[in-house]
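Reading through the structure tokens given below for one structure.
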2 protein chains.
Amino acid sequence: MTAPLISQTEPELRTEATTDIVGYRLRRAQLSVFQRFNAAFEMLNLRPAEYSVLVLIADNPGRKQTEIAEILGIKRANFVALVTGLETRGLIERQAAPGDRRANALYLTADGVKFLDEARAIQDRFEADCIARLGGVERRDALLRLLDTLC
Amino acid sequence: MTAPLISQTEPELRTEATTDIVGYRLRRAQLSVFQRFNAAFEMLNLRPAEYSVLVLIADNPGRKQTEIAEILGIKRANFVALVTGLETRGLIERQAAPGDRRANALYLTADGVKFLDEARAIQDRFEADCIARLGGVERRDALLRLLDTLC
DNA sequence: TATTGTTATACTCTATAACTATA
DNA sequence: TATAGTTATAGAGTATAACAATA
């Protein structure tokens, strides 16, 4: 019922004032999910942001770098290295944007399409695991709605 | 009902495949909450991790550096600079730990206690704002439960 | 031998300023 | 003059290895 007055092992720390806080729990959950994501994508050597970029390019071929970066909240200066990395791996291409010679239009390569097929399969399994942990699709949707109110 | 076949402004990007994902929404919500936290604590010049450290020391005076660091998931090597920063500001003290001359026992100073009073007041208002955004304490609790399943 | 605090180091992510070529 | 991409740079946060003092 109550804690023993004298603990024989290490006395527990009082953590409620720090841990019963929305921001703290959000951070811990996000770190945990990203760690599992990185483990799942270790063989593909793909970061969460890189996965998002590939999917966005696949679903919106020919868009400019800045457009893709903006959606993900990545500064265009920091987006350069990310795009260069994916291009060096042969997954995407920078092409001349029609009508604006300053801009790069982004496209998946054939290798990028194949690679993304694998990545999407892994992500689908990963998302299914998240949904299972949450206790079903309804609870996943409830979580997303709650998270949106915090943005 | 449906989108116009020809858009007169910028055609919208398809983002569902990236944005309807637990990890992505978690990251966006966490960044948003931390940005507001940092804005609220700008006048106190206090980071989220620093606030947590002060609260943990206040509620567990005399604990060793490693104990506090472990709870927050901070490597003890990285914890040194954080503790030194708070000590340099006169908010906490490293004292000799009784019974173990290797360890530092952490305590709030008198200034630290006063400072933490202010910080706690700000945090209480901040948490109340989070609860209001979420739509009440029940929904906040529901969110925390859902987040825990992901850890 | 193992642990505490520490230093050094490196890698990621993020933020800003400034340059170039185009618009 | 403004914008797209780029470079350089600096600051957080995080990770590992290694050392001295102590257990």
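First the proteins, then the strands, lettered A, B, ... as listed; each starts at 1.
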[X] [atom1] to [N] [atom2], straight-line distance once rounded to whole Å:
X: B/Leu31; N: C/dT12; atom1: CG; atom2: C1'; result: 14 Å
X: B/Gln35; N: D/dG13; atom1: CD; atom2: P; result: 14 Å
X: B/Leu82; N: C/dG5; atom1: CG; atom2: C1'; result: 15 Å
X: B/Phe79; N: D/dA15; atom1: CZ; atom2: P; result: 15 Å
X: B/Asp100; N: C/dA2; atom1: CG; atom2: P; result: 17 Å
X: A/Asn38; N: D/dT14; atom1: CG; atom2: P; result: 14 Å
X: B/Leu106; N: C/dG5; atom1: CG; atom2: C1'; result: 11 Å
X: A/Leu72; N: C/dA15; atom1: CG; atom2: P; result: 14 Å

Calculate, to the nearest 0.5 Å, the distance between atoms [atom1] and [atom2] belonging to [X] and [Y] respectively.
X: B/Tyr107; Y: B/Arg94; atom1: OH; atom2: CZ; result: 14.5 Å
X: A/Asn104; Y: A/Gln95; atom1: CG; atom2: CD; result: 10.0 Å
X: A/Gln123; Y: A/Leu54; atom1: CD; atom2: CG; result: 12.0 Å

Query raised in the report: Does A/Arg76 make a side-chain donor-acceptor contact with the base of D/dG5, cut-off 3.5 Å?
Result: yes
**Report entry** Most 5' of B/Thr84 and A/Ile74 on DNA chain C, judged by nearest nucleotide
**Finding:** B/Thr84
Query raised in the report: When the nearest nucleotide of DNA chain C is assigned to A/Gly73 and to A/Arg102 on a heavy-atom basis, which residue is associated with the more 5' position?
Result: A/Gly73
Requested in this report: Check the side chains of A/Arg28 and A/Thr19 for a donor-acceptor pair under 3.5 angstrom, ignoring hydrogens and angles.
Outcome: no
Query raised in the report: For B/Ser32 and B/Arg36, does a side-chain donor sit closer than 3.5 Å to a side-chain acceptor?
Result: yes
Is the shortest side-chain N/O distance from [X] to OP1 or OP2 of [N] below 4.0 Å?
X: A/Asn104; N: D/dT6; answer: yes
X: A/Arg63; N: D/dA4; answer: no
X: B/Thr66; N: C/dT3; answer: no
X: A/Arg94; N: D/dT6; answer: yes
X: B/Lys75; N: D/dT14; answer: no
X: A/Arg101; N: C/dA21; answer: no

Report summary line: Residue pair A/Ala77/A/Arg27 against DNA chain D: nearer the 5' end by closest nucleotide is A/Ala77
**Report entry** Position toward the 5' end of DNA chain D (nearest nucleotide), A/Asn78 or B/Gly99
**Finding:** A/Asn78
**Report entry** Nucleotide of D/dG5, D/dT14, D/dG13 approaching B/Arg47 most closely (side-chain heavy atoms)
**Finding:** D/dG13
